[in-house]
2 protein chains.
Amino acid sequence: MDTPPVRWLTEEQQRHWRSFLDGSARLTEVLGRQLEQDADLSLSEYEVLVRLSEAPERTLRMSLLADSLAHSRSRITHTIRRMETRGFVERRACAVDGRGVNCSMTALGFARLEAAAPGHVEAVRTHLVDALSEEQLRALGEALAAVHRRLGEA
Amino acid sequence: MDTPPVRWLTEEQQRHWRSFLDGSARLTEVLGRQLEQDADLSLSEYEVLVRLSEAPERTLRMSLLADSLAHSRSRITHTIRRMETRGFVERRACAVDGRGVNCSMTALGFARLEAAAPGHVEAVRTHLVDALSEEQLRALGEALAAVHRRLGEA
DNA sequence: ACCGGGTAGTTGCGAGTTCAAGCATCGGCT
DNA sequence: AGCCGATGCTTGAACTCGCAACTACCCGGT
């Protein structure tokens, strides 16, 4: 009835894991900073706008927004409330489900996204896409897709 | 004198970039949650303890701690202050540089790290290492190492 | 029709992070 | 020696986010 021995990581596994932790933190940090400075948007606000811009009617339910961004519901509520006071989005009750709330992007929000996108894409290129070979980028994406699938199985 | 056309990402590049953003957020989230619940430590507190445990005398300057974790100086100050009140670390003035502060891990801090490590390593295995092939993990680590190098060149 | 458990979203508060400002020290220069 | 910009670290306020509690609504079973 004793605990099984700990299966520590090899030195190499540890190195990769730390590279990931460190690199991803730094990467999202510089991308967030770029957006903040050039477009006065946080990375999550930007992503909210992107999701809305791709949705039919440029409108999404709060919970879909939350799920697709992997954010908590309360986080989305807070974020959207702030964006609403800035005039980028608006909320209205959902007709088919009395509990639901539809969030849609305003023209102002769309304009802000259009203004922010080129600089952001350029930054993603500089710091990620162009820093890697095609294979590396694919491997990176697929690895994290696998991680995501695994998480979903729980 | 007009701006060059935006070099948008291909659909595939976009997919990989989003996988990365999404997957890394979810991964660090579950790992942080595991630590929080099982060991009452945040992921950054855990990493502070790891760095200290590996340092000579189990002691590091505040700024080295900050740099090695890619955290802001004020973030480290706050984190260490909280950990100090919990008895995990202590600070004392640096002898050779009057401005510096040495942070060292206490026995209590070391014990806490030892208690937390097995569960954390197990979680890293479950959600990352065992979810990927050896090549995938290596590719992941190397990709982010490359990103890190590129960031340093700026 | 009504309960009851589950879902959608919001709210207040506490914990953590950033930002700007500040203090002390260092080290090169005159 | 004395200045002065740079470095190391801290502080307090503003802000973001998670948690738990709450309201409102949906839907299945009775």
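Proteins come first, then strands; the chains are lettered A, B, ... in the order of their sequence lines, and each starts at number 1. Hydrogens, waters and symmetry mates play no part in the numbers below; they use all other heavy atoms, side chains included.
Nucleic acid contact class of B/Thr77 (heavy atoms, under 4.0 Å, all strands): base.
Side chain B/Ser74 to base C/dC19: a donor-acceptor pair is found below 3.5 Å. Scanning atom types as modelled, no donor and acceptor separated by under 3.5 angstrom connect the side chain of A/His71 and the base of D/dG18.
Here the P atom of nucleotide D/dC15 and the CG atom of A/Leu41 are 16 Å apart, to the nearest Å. Distance, A/Ile76 CD1 to D/dT16 C1': 13 Å, rounded to whole Å. Atom OH in A/Tyr46 sits about 21 Å away from atom C1' in D/dT16, given to the nearest Å. The interatomic distance linking A/Ile80 (CD1) with C/dT11 (P) rounds to 13 Å, in whole Å. At whole-Å resolution of the value, CG in B/Asp97 and C1' in C/dA24 are 11 Å apart. One can place CZ of B/Arg81 at 14 Å from P of C/dT18, the figure rounded to the nearest angstrom. Atom CD in A/Glu45 sits about 7 Å away from atom P in D/dT16, given to the nearest Å. Across the protein-nucleic acid pair, B/Leu43 atom CG and D/dG18 atom P stand 14 Å apart, rounded to whole Å.
Using a cut-off of 4.0 Å between Lys/Arg side-chain N and Asp/Glu carboxylate O, B/Glu45 and B/Arg86 are scored as salt-bridged. No salt bridge links B/Arg51 with B/Asp67; every basic N to acidic carboxylate O contact stays at or beyond 4.0 Å. In summary, B/Arg18 and A/Glu54 engage in a salt bridge, as defined by a charged side-chain N under 4.0 Å from a carboxylate O. We find that A/Arg92 and A/Glu90 are joined by a salt bridge, their nearest charged nitrogen and carboxylate oxygen being less than 4.0 Å apart.
Closest to the A/Arg99 side chain, of the nucleotides C/dT10, D/dC25, D/dT10, is D/dC25. Comparing atom distances between the B/His78 side chain and each of D/dG8, D/dG12, C/dG9 picks out D/dG12 as nearest.
For C/dT17, one of the phosphate oxygens OP1 or OP2 lies less than 4.0 angstrom from a side-chain nitrogen or oxygen of B/Arg75. In terms of phosphate contacts, B/Arg33 brings a side-chain nitrogen or oxygen within less than 4.0 Å of OP1 or OP2 of D/dC19. One finds a side-chain N or O of A/Arg82 lying less than 4.0 angstrom from the OP1 or OP2 phosphate oxygen of D/dT16. In this structure, B/Ser44 reaches the C/dT17 phosphate: one of its side-chain N or O atoms is under 4.0 Å from OP1 or OP2. Checking the phosphate oxygens (OP1, OP2) of D/dG18, a side-chain nitrogen or oxygen of A/Ser72 falls inside 4.0 Å. Within the structure, every side-chain polar atom (N or O) of A/Arg73 is placed at least 4.0 Å from both OP1 and OP2 of C/dT11. Between A/Arg91 and C/dT10 there is a side-chain polar atom (N or O) within less than 4.0 angstrom of OP1 or OP2. Close to C/dT17, at under 4.0 Å from its OP1 or OP2, lies a side-chain N or O of B/Thr79.
A cation-pi arrangement is present between A/Arg58 and A/Phe110 under the rule of less than 6.0 angstrom and at most 45 degrees off the ring axis.
Residues A/Val96 and B/Glu29 each lie close to DNA chain D; by heavy-atom proximity, the contact nearer the 5' end of the strand is made by B/Glu29.
A distance of 11.5 Å separates CG in A/Leu41 from CD in A/Glu47, rounded to the nearest 0.5 Å.
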